[in-house]
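The model shown is predicted, which means the values in this text are computed figures rather than measured ones.
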Amino acid sequence: MLIDSHCHLDFPKLAKDPEVVARARAAGVSGFLTICTRLDKFEGVRAAAAKADDIWCTVGVHPHEASGSPQADVARLTALADDPKVVGFGETGLDFYYDHSPRDAQAENFTVHIKAAQATGLPIVIHTRDADEKTDAMLRAAMAEKPFTGVLHCFSSGEALARTALELGLYISISGIVTFKTAEALRDIVRWFPVERMLVETDAPFLAPEPHRGRTCEPAHVALTAAKVAAIKGIPANELARITTETFFRLFPKAKRA
């Protein structure tokens with residue numbers, strides 16, 4: 001069985017579809033991590049996670065929202081993380097592609113989440129786009145202060161950041177991007193990156209894999225991404241599912257098997 005390690009079940013395109021989770025279960029998905037992007041949306045994220053024992057959530061502020069309101073601080077994040085459904089922080093990180101928030105605000109927001117992870121031992125879910133060098137530098141500096149765990153979600157960065165993640169004990173998560181015709185560089189990374197340090201995800205409702213590209217993505221599609229990763233690694237799909245599921249529970253130990 002598979003875990004969709006990153007989806008947004010509270011987003012309208014998924015929340016308004018009462019069968020979206022059932023379709024995922026029918027496709028072999030046995031767990032879902034629904035991700036918070038704004039603190040003022042956390043209650044909706046938490047409500048989505050409350051619908052089943054195999055749905056968990058995070059709490060955090062996306063880099064796009066880093067200069068918005070309300071702001072994240074360590075005390076608030078750690079207090080919200082006391083909730084039994086909250087298994088990690090984020091998504092957080094740096095997005096220099098869109099720059100929807102000033103870069104210094106993004107870096108400050110990222111640091112707050114890292115400090116919450118360091119304080120609690122819970123992992124962080126990291127978003128990084130067109131910011132490999134800064135992300136690398138911040139992760140190395142923070143890890144030197146106090147180790148923490150986390151995953152670079154929807155990985156589409158370069159080889160250097162993948163090797164940094166491996167060196168620092170972090171994980172990467174592979175989305176439907178790996179099925180895109182233009183994603184050969186990502187497939188090259190998947191070939192050599194240890195499968196035991198990988199997760200699979202959808203980032204639903206975004207980034208539907210082939211042959212659904214351009215349509216609404218949903219958690220059931222993680223099976224297509226997992227099949228592609230298994231083919232690249234040259235292992236059976238059920239073995240890839242077993243390994244990535246074990247890895248999910250290792251990275252997110254607060255998530256209890258249903």
Does some side-chain heavy atom of [Y] sit less than 4.5 Å from a side-chain heavy atom of [X]?
X	Y	value
Ile232	Val178	yes
Arg197	Thr247	no
Val125	His113	no
Met138	Thr111	yes
Thr225	Ser175	no
Arg76	Leu39	yes
Asp95	His100	no
Glu145	Ile114	no

Task: side chain to side chain contact (heavy atoms under 4.5 Å, CB included) assessment of Glu246 paired with Ile243 - done: CA-CA 5 Å; Glu246 292 297 326; Ile243 293 170; 5.9 Å; no
Should we say atom [atom1] of [X] is surrounded by more than 12 heavy atoms from elsewhere, each under 6.0 Å from it?
X	atom1	value
Asp73	CG	yes
Lys134	NZ	no
Glu239	CD	yes

Taking all non-hydrogen atoms of both residues, which atom of [X] and which atom of [Y] are closest, and how far apart?
X	Y	value
Gly150	Leu251	N-CD1, 4.0 Å
Val59	Ala81	CG1-N, 4.5 Å
Leu122	Gly88	CB-CA, 4.3 Å
His62	His64	ND1-N, 2.9 Å
Val45	Cys57	CG1-CB, 3.6 Å
Ala162	Ile189	CB-CG2, 3.9 Å

- [ ] Among Arg23, Lys16, Lys13, find the residue that satisfies the salt bridge (Lys or Arg N to Asp or Glu O under 4.0 Å) test when tested with Glu218.
- [x]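 Going through Arg23, Lys16, Lys13 one by one, the salt bridge (Lys or Arg N to Asp or Glu O under 4.0 Å) with Glu218 is satisfied by Arg23 alone.
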Open item on the list: Under the criterion salt bridge (charged side-chain N to carboxylate O under 4.0 Å, His left out), I'd like the reasoning laid out for Lys115 against Glu108: C-alpha separation, chi angles, the key distance, then a yes or no.
Closed with: CA-CA 11 Å; Lys115 289 185 179 298; Glu108 181 178 354; over 6 Å; no
To the nearest 0.5 Å, tell me how far [X] [atom1] sits from [Y] [atom2].
X	Y	atom1	atom2	answer
Leu186	Ile174	CG	CD1	5.0 Å
Ile3	Leu33	CD1	CG	9.5 Å
Glu184	Asp188	CD	CG	5.0 Å
Leu199	Phe252	CG	CZ	6.5 Å
Leu14	Thr216	CG	OG1	7.5 Å
Thr128	Ile126	OG1	CD1	8.5 Å

Do [X] and [Y] land in one hydrophobic cluster if side-chain heavy atoms of ILVMFWY residues count as linked below 4.5 Å?
X	Y	answer
Ile35	Phe148	no
Val21	Leu224	no
Ile124	Phe248	no
Leu240	Tyr171	no
Val87	Val222	no

Task: Donor on one side chain, acceptor on other, Asp203 and His8, under 3.5 Å - done: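 A donor-acceptor contact under 3.5 Å links the two side chains.
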Say whether, by atom type as modelled, one donor and one acceptor occur between the side chain of [X] and the main chain of [Y] under 3.5 angstrom.
X	Y	value
Ser67	Pro102	no
Asp4	Thr202	yes
Ser5	Val200	yes
Gln118	Pro147	no
Arg38	Pro70	no
Thr58	Cys36	yes
Lys233	Phe193	yes
Thr245	Met1	yes
Gln106	Ala66	no
Arg257	Phe249	no

TODO: Begin from the C-alpha positions of Arg163 and Glu159 and carry the test salt bridge (charged side-chain N to carboxylate O under 4.0 Å, His left out) through to its verdict.
DONE: CA-CA 6 Å; Arg163 294 197 181 279; Glu159 179 179 343; 2.8 Å; yes
- [ ] Indicate yes or no: does Asp83 engage Arg46 in a salt bridge with an N to O separation below 4.0 Å.
- [x]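 Salt bridge: yes.
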Open item on the list: Between Glu43 and Lys85, does any NZ, NE, NH1 or NH2 come within less than 4.0 Å of an OD or OE carboxylate oxygen?
Closed with: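 Here Lys85 does not pair with Glu43 in a salt bridge, since their nearest N and O are not under 4.0 Å apart.
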TODO: Measure the acute angle between the ring planes of His153 and His6, then classify it against the limits of 30° and 60° as parallel, tilted or perpendicular.
DONE: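 Rings of His153 and His6: parallel, as their planes differ by under 30°.
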Task: side chain to side chain contact (heavy atoms under 4.5 Å, CB included) evaluation trace for Met198 with Phe155 - done: CA-CA 10 Å; Met198 285 185 193; Phe155 192 86; over 6 Å; no
Task: Worked check of side chain to side chain contact (heavy atoms under 4.5 Å, CB included) between Leu139 and Phe110 - done: CA-CA 10 Å; Leu139 289 173; Phe110 191 13; 3.9 Å; yes
TODO: Walk me through it: do Lys228 and Phe180 pass the test side chain to side chain contact (heavy atoms under 4.5 Å, CB included)?
DONE: CA-CA 10 Å; Lys228 183 67 173 181; Phe180 296 176; over 6 Å; no
Task: Trace of the salt bridge (charged side-chain N to carboxylate O under 4.0 Å, His left out) decision for Arg140 with Asp136 - done: CA-CA 6 Å; Arg140 288 183 181 278; Asp136 188 306; 2.8 Å; yes
